[in-house]
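Side chains are part of it too, since the values below use all heavy atoms of this structure and drop only hydrogens, waters and symmetry mates.
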Protein chains: 2
Amino acid sequence: MPRLATAEVLDRTEFAAAVERLFGLLRRLTPAQDVSLTGVSTLANLERGGPRRLTELASREGVTQPGMTQLVSRLERDGLARRTADPSDGRVVVVEVTDAGRELLRQRRLVRATRLTELLATLPAEDEAAIAAALPALRRLASLLPPG
Amino acid sequence: MPRLATAEVLDRTEFAAAVERLFGLLRRLTPAQDVSLTGVSTLANLERGGPRRLTELASREGVTQPGMTQLVSRLERDGLARRTADPSDGRVVVVEVTDAGRELLRQRRLVRATRLTELLATLPAEDEAAIAAALPALRRLASLLPPG
DNA sequence: TATTGTTATACTCTATAACTATA
DNA sequence: TATAGTTATAGAGTATAACAATA
């Protein structure tokens, strides 16, 4: 007999359906207002990993290099990020998040955390416990892709 | 003593951080290709709940009425949705998903399910089990908002 | 010559304001 | 007059192609 396959532990279709709904929830929980979703994701990336080259950001966010040039220009115009030169290579542009950028991330997270908490409070205690128990696993799952 | 508060069961900040990463994963797992994220969400909504009025769709998706008019026009142009008249009220437009729309949803779900399964397979079995155990709770959580 | 980034251009998406049609 | 939807217009966001600068 083959070992227990993934499909037997976790039904793929069920999981995908739940994920679809969950994605919809999250999307409406933190709508893009002043900054696009990619913009927010890029700022979070910079906050987590420190300054990065423009090309690297483009690759991580799954946008083209010209796309990232333009996104960074908008972020810079809004004071959320900043371009820096690389002393060792004149072609390179290094991008970093500003204090205003960090503050924007903080505000968005606060809003989302508050709303999620409100929603969770309406669920049965067992549901909340199950989600809490799965949190470390979900975090590890989330960290599997490139690193967004 | 007050009853056990949410904050004690599930740390808000931790949860929000995990959700941020998870959202990034999901976003890159199913990028918008032929149809926008709102377009896909609208089609899924129509598939799940049946035909709906244009205004109701706009409200559910969190876009303006003109925005939904234009989205439905694009979906209709691509053969994914269809406008119908309401016999009892000449002002009303009822929107429904077409077979091609359903097929597009099926394909997207298949891709996402496959990729998620691949990612899950790289996690420890306990993580997979914890996520599977939390699935019903996550589904109930996802169904709390309007209904996306 | 290859790599890094920008500029030029076009198309999709979505918003606000003004409009049309039905109730 | 209020409601349902569309049209007009503008701006954000992102892609491909062509370009400039540095290695």
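Rounded to a whole Å, the CG atom of A:L37 is 13 Å from the C1' atom of C:dT14. Rounded to whole Å, the distance from CE on A:M68 to C1' on D:dA15 is 14 Å. Atom-to-atom, CG of A:L57 to C1' of C:dG5 comes out at 13 Å; the value is rounded to the nearest Å. In this structure, CG of B:D78 is placed 16 Å from P of C:dC11, rounded to the nearest angstrom. At whole-Å resolution of the value, CG in B:D34 and C1' in C:dC13 are 15 Å apart. To the nearest angstrom, C1' of C:dT3 lies 9 Å from CD of A:Q65. Per the geometry, CD belonging to B:E76 stands 9 Å off P belonging to D:dT6, to the nearest Å. Spacing between atom CZ of B:R91 and atom P of C:dA23 amounts to 7 Å, rounded to whole angstrom units.
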- May I have the step-by-step check of side chain to side chain donor-acceptor pair (under 3.5 Å) for A:T55 and A:Q65, ending in yes or no? CA-CA 6 Å; A:T55 306; A:Q65 201 179 63; 2.9 Å; yes
- Before giving the answer on salt bridge (charged side-chain N to carboxylate O under 4.0 Å, His left out), spell out for A:R109 and A:E47 the whole-Å C-alpha distance, their side-chain angles and the decisive distance to 0.1 Å. CA-CA 13 Å; A:R109 284 169 183 149; A:E47 186 193 44; 2.9 Å; yes
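The line from CG of B:L110 to CZ of B:R106 is 6.5 Å long, rounded to the nearest 0.5 Å.
Residue A:L141 is grouped with residue A:L25 when hydrophobic side chains (ILVMFWY) are merged at heavy-atom distances under 4.5 angstrom, including chains of intermediate members. Under a hydrophobic-cluster definition in which Ile, Leu, Val, Met, Phe, Trp and Tyr are linked whenever side-chain heavy atoms come within less than 4.5 Å, directly or via other members, A:L29 and A:L135 are assigned to the same cluster.
When side chains are defined from C-beta on, B:V95 does not count as touching B:T42, because their heavy atoms never get closer than 4.5 Å.
Taking 4.0 angstrom as the limit, B:T69 places none of its side-chain polar atoms (N or O) nearer than this to OP1 or OP2 of D:dG5. In this model, the phosphate group of C:dT12 is not approached by any side-chain N or O of B:R74 to a distance below 4.0 Å at OP1 or OP2. Put simply, A:T38 has a side-chain N or O that comes within less than 4.0 Å of OP1 or OP2 on D:dT14. The side chain of A:T64 contributes an N or O atom lying less than 4.0 Å from OP1 or OP2 of D:dA15.
Nearer to the 5' terminus of DNA chain D, by closest-nucleotide assignment, is the contact made by B:L54 (compared with the other of B:L54 and A:L71). Sequence order on DNA chain D of the closest nucleotides to A:G90 and B:T55 puts B:T55 first from the 5' end.
Comparing D:dT7, D:dT16, C:dT6 against the side chain of B:P66 picks out D:dT7 as the nearest. Nearest to the side chain of A:Q70, among D:dA23, D:dG5, D:dA15, sits D:dA15. Residue A:S36 places its side chain closer to D:dT14 than to any other of D:dT14, C:dA2, D:dT6. In this structure, the nucleotide among D:dA15, C:dA2, C:dT6 sitting nearest to the side chain of A:V63 is D:dA15.
Looking at residues two or more places apart in sequence or on another chain, you find no side chain to side chain donor-acceptor pair (under 3.5 Å) involving A:E118.
Residues from residues 82-89 of chain A that place a heavy atom under 4.0 Å from any atom of DNA chain D, listed by number: A:D89.
The pair A:E61-B:R28 does not meet the salt-bridge criterion, since no charged nitrogen lies less than 4.0 angstrom from a carboxylate oxygen.
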